[in-house]
There are 2 protein chains.
Amino acid sequence: MTETATTGIENQGLMESAFVVEMVRQMRAIDPYGQYDSMSNAEVLEPFILTKEKKREIPIIGDPDEIVIARVKVFYNAISALIESECGLMAVPLVNLTHEGFGRALITVGKLVVMDRTLRDVHRFGFPSLSKMKDEGDKVLSVALELIGNHPKVAGL
Amino acid sequence: MTETATTGIENQGLMESAFVVEMVRQMRAIDPYGQYDSMSNAEVLEPFILTKEKKREIPIIGDPDEIVIARVKVFYNAISALIESECGLMAVPLVNLTHEGFGRALITVGKLVVMDRTLRDVHRFGFPSLSKMKDEGDKVLSVALELIGNHPKVAGL
């Protein structure tokens with residue numbers, strides 16, 4: 001919990017960035033029983049932060065549970081939502097995993113694949129810090145928007 | 001079994017078409033224990049044929065088992081293999097299903113989505129006849145090749 005407090009102070013500006021706001025929104029959207037209602041935004045995103053120490057505690061081989069898979073989907077849903085708000089075209093995320101946590105994540109806009117990633121070790125999904133997570137999201141977003149800009153016809157199909 | 005025999009006679013030409021040959025090849029590829037070794041090609045493809053009578057026997061609501069899902073993948077793998085042999089670019093199929101048998105099937109070539117389908121009632125996956133199956137495969141194939149022809153740059157990415 002002290003960790004959350006520090007994270008909160010460090011990342012005050014970060015918490016208001018479009019990507020992080022969208023991540024919080026997506027996390028709260030998959031919370032039908034209101035378990036996160038009493039949590040701050042930083043606390044809601046805490047499970048995404050996997051410091052080196054925390055990562056070391058998770059076995060290298062393991063099956064991802066439903067909660068981790070939901071988190072992976074939240075990450076790609078948030079990116080898709082931002083793509084959509086930036087370019088006005090529908091972005092559809094698709095996360096395809098085996099039960100062992102290997103698979104593929106795709107985002108399509110029209111007939112254009114704007115992101116295509118191989119996923120592995122999904123049971124250890126996480127980022128060293130909130131700002132690293134935002135960087136990662138923004139990187140995917142900018143590549144996607146560039147692709148859409150270069151091939152607007154295919155994206156509009 | 002009499003049905004298989006009739007199917008065999010009716011579809012002799014059909015059995016030698018590129019699509020059906022590829023389907024047989026894909027089915028035999030997922031048979032590590034050689035259970036199909038003693039079967040004819042027509043017999044290997046028999047599970048894909050779901051006449052109206054057979055379909056009626058399957059409950060409307062049901063979860064698809066591993067074998068049906070494997071068959072769905074064989075169908076889209078075969079189409080992908082043919083796309084690849086026609087245009088020389090790698091075609092990657094992706095079948096994403098919930099346990100209830102709903103989902104999405106995609107084929108991508110480079111950054112181009114050449115096929116994007118919604119799947120439903122996968123536990124009742126099948127075609128009225130072998131020739132209908134071939135027609136369906138050929139239809140997807142021709143749409144895909146047209147898309148690649150129109151957007152070769154995106155397909156080559």
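All values reported here derive from a predicted model rather than from experimental measurement. Below, chains carry the letters A, B, ... as their sequence lines are ordered, and counting in each starts from 1.
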Does one hydrophobic cluster hold both [X] and [Y], with members joined at side-chain heavy-atom distances below 4.5 Å?
X	Y	answer
A:Leu14	A:Leu141	yes
A:Leu112	A:Met90	no
A:Leu130	A:Leu50	no
A:Leu89	B:Val113	no
A:Val140	A:Val92	no

Name the region of B:Leu106, side chain, backbone, both or neither, that has any atom closer than 4.5 Å to a heavy atom of chain A.
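Just its side chain gets close to chain A.
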Heavy-atom contact with chain A under 4.5 Å, split by part of B:Val95
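The answer is the backbone of B:Val95.
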Please give me the minimum heavy-atom distance between B:Val154 and A:Val154, naming the atom from each residue.
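B:Val154 and A:Val154 have their closest heavy atoms at CG2-CG2, 3.7 Å.
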Below 3.5 angstrom, are there any donor-acceptor pairs between chain B and chain A, and if so, which atoms and how far apart?
| from | atom 1 | to | atom 2 | distance (Å) |
| --- | --- | --- | --- | --- |
| B:Arg104 | NH2 | A:Thr108 | OG1 | 3.3 |
| B:Thr108 | OG1 | A:Arg104 | NH2 | 3.3 |
| B:Lys111 | O | A:Val113 | N | 2.7 |
| B:Val113 | N | A:Lys111 | O | 2.7 |

Out of B:Leu157, B:Leu147, B:Leu94, which one racks up the most heavy-atom pairs below 4.5 Å with chain A?
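Of B:Leu157, B:Leu147, B:Leu94, B:Leu94 has the most heavy-atom pairs under 4.5 Å with chain A.
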